[in-house]
Amino acid sequence: MGLSEALSLNRRLLAGLLVNLSASICIVFVNKWIYVEYAFPNMTLTLLHFIITGLGLYICQRLNIFSPKTLNPTKILLLALSFCGFVVFTNLSLQNNTIGTYQLAKAMTTPVIIVIQTVYYKKTFSTRIKLTLIPITLGVFLNSYFDVKFNFLGILFATLGVLVTSIYQVWVGAKQHELQVNSMQLLYYQAPMSSIILMFTVPFFEPVTGEGSIFGNWSTTALMMVLLSGIIAFLVNLSIYWIIGNTSPVTYNMFGHFKFCITLLGGYILFKDPLSLNQGLGILCTLCGILFYTHFKLCEQEEGKNKLAQRP
């Protein structure tokens, strides 16, 4: 890869990170507003997100922004199923745990991804990369310390959520390389398939008709907010695939911890949410771990480029 190509890729990656950061923070506050003000069902909202994502990709394809690639649906089925499991179990984890326990469980996704990639994909991670998990996990723990409470059902759903989420994120990157497709081409197949699976899953957890269902008597404002949430979700989903496809699931998770810190700080600055000393220290600790990870990763990439350049 030439210098100009590398710079172009770095610029596009930076743009993808900024889109993901902005969209991820926006969707937290928009969805919180939808849940609090309108009590819109959680999984139904996720289903609508993927329907809108599918429609958005269809429009992009019609505008020649990308060209679809013919794929065997069976190659995507496990990815679509893992997404649905990831949504169901993380929602159940949030429902049966405190916010602190939920966030602490999510922090375990990164080490689980490293184990999966090491054992099943024979990928190696340097000791210094692994050590950066210590300040990051400690930081999340400090953020959640006073809100951590455990119960059997909550632990079960949190554990399943971490496992399925880790597998899903690993597969997102692996499938792009295996099938030689880009983020849009893969999501173009996965979004509709996941929507169909969720259509059959939602009735087991949420009402389909009557008050509080997808066909309930919602105000125009509520529907506009749901549409806005879906458009933001489209940007989130697309940027997740883009980031993982061009970096790695571990790097995406590190970025996720950074977004967690920014969201906490944003709540404190914009909405005057309480921020304890422990949370401040946790944010600082997590950010230090992310900075170390980024520094070590860039050093390793530079070392790899130098070795390739020295080869005859």
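Note: hydrogens, waters and symmetry copies are ignored here, and every other heavy atom, side chains too, is used.
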| side-chain contact (heavy atoms from CB on, under 4.5 Å) assessment of Ile76 paired with Leu179 | CA-CA 10 Å; Ile76 313 295; Leu179 302 173; 3.6 Å; yes
| Under 3.5 Å donor-acceptor, Gln185 side chain and Asn182 backbone | yes
| At their closest point, which heavy atom of Ala23 faces which heavy atom of Ile232, and how far apart are they? | O-CG2, 3.2 Å
| Atom CE of Met199: over 12 foreign heavy atoms under 6.0 Å | yes
| query | Under a 4.5 Å side-chain heavy-atom rule over Ile, Leu, Val, Met, Phe, Trp and Tyr, are Ile52 and Leu45 clustered together? | reply | no
| Any donor-acceptor pair under 3.5 Å from Lys75 side chain to Glu178 backbone | no
| request: Decide if atom CG of Asn217 counts as having more than 12 heavy atoms of other residues, nucleotides or ligands within a radius under 6.0 Å. | output: no
| Backbone N/O of Leu79 and side chain of Ser82: donor-acceptor pair under 3.5 Å | yes
| Do Tyr58 and Leu186 belong together in a cluster built from hydrophobic side chains that touch within less than 4.5 Å? | yes
| When clusters are formed by joining ILVMFWY residues with side-chain heavy atoms under 4.5 Å apart, either directly or through shared neighbours, do Leu227 and Ile34 land in the same one? | no
| message | Between Val170 and Ser166, is there a side-chain heavy-atom distance shorter than 4.5 Å? | response | no
| request: Verify the cluster assignment for Leu81 and Phe204: are they in a single hydrophobic cluster under the rule of side-chain heavy atoms below 4.5 Å apart? | output: yes
| task | Dump the intermediate steps for side-chain contact (heavy atoms from CB on, under 4.5 Å) on Leu17 and Leu21, then the final yes or no. | result | CA-CA 6 Å; Leu17 290 169; Leu21 176 64; over 6 Å; no
| query | Shortest non-hydrogen contact from Glu206 to Pro41? | reply | OE1-CB, 3.2 Å
| task | Taking all heavy atoms of Cys84 and all of Ile197, pick out the closest pair and write down the distance. | result | SG-CG2, 3.4 Å
| Criterion side chain to side chain contact (heavy atoms under 4.5 Å, CB included) against Phe292, the qualifying member of Thr132, Leu131, Ile134 | Thr132
| query | Would you say the side-chain atoms of Lys130 pair up with the backbone N or O of Ile114, donor to acceptor, closer than 3.5 Å? | reply | no
| task | Write down the atom of Val164, the atom of Gly85, and the distance for their closest heavy-atom approach. | result | CG1-C, 3.7 Å
| field | Min side-chain heavy-atom separation Leu57-Phe234 under 4.5 Å | value | yes
| Does any pair with a residue in residues 158-197 pass ring pair (Phe, Tyr, Trp, His ring centres under 6.0 Å), and if so which ones, sequence neighbours excluded? | Phe66-Tyr188, Phe83-Tyr168, Phe86-Tyr168
| task | Taking the side chain as every heavy atom from C-beta outward, state whether Ser229 and Trp33 have any pair of such atoms under 4.5 Å apart. | result | no
| field | Donor-acceptor contact present, side-chain Gln169 to main-chain Ile113, <3.5 Å | value | no
| message | Which heavy atom of Asn20 sits nearest to which heavy atom of Ser239, and what is that distance? | response | ND2-OG, 2.9 Å
| task | For Leu47 and Leu198, work out which heavy atoms get closest and say how close. | result | CD1-CB, 3.9 Å
| query | Can you find a pair of side-chain heavy atoms, one from Leu163 and one from Phe89, that are under 4.5 Å apart? | reply | no
| task | Report yes or no: does Ser194 contribute a side-chain atom to a donor-acceptor pair with the main-chain N or O of Ala191 at less than 3.5 Å? | result | no
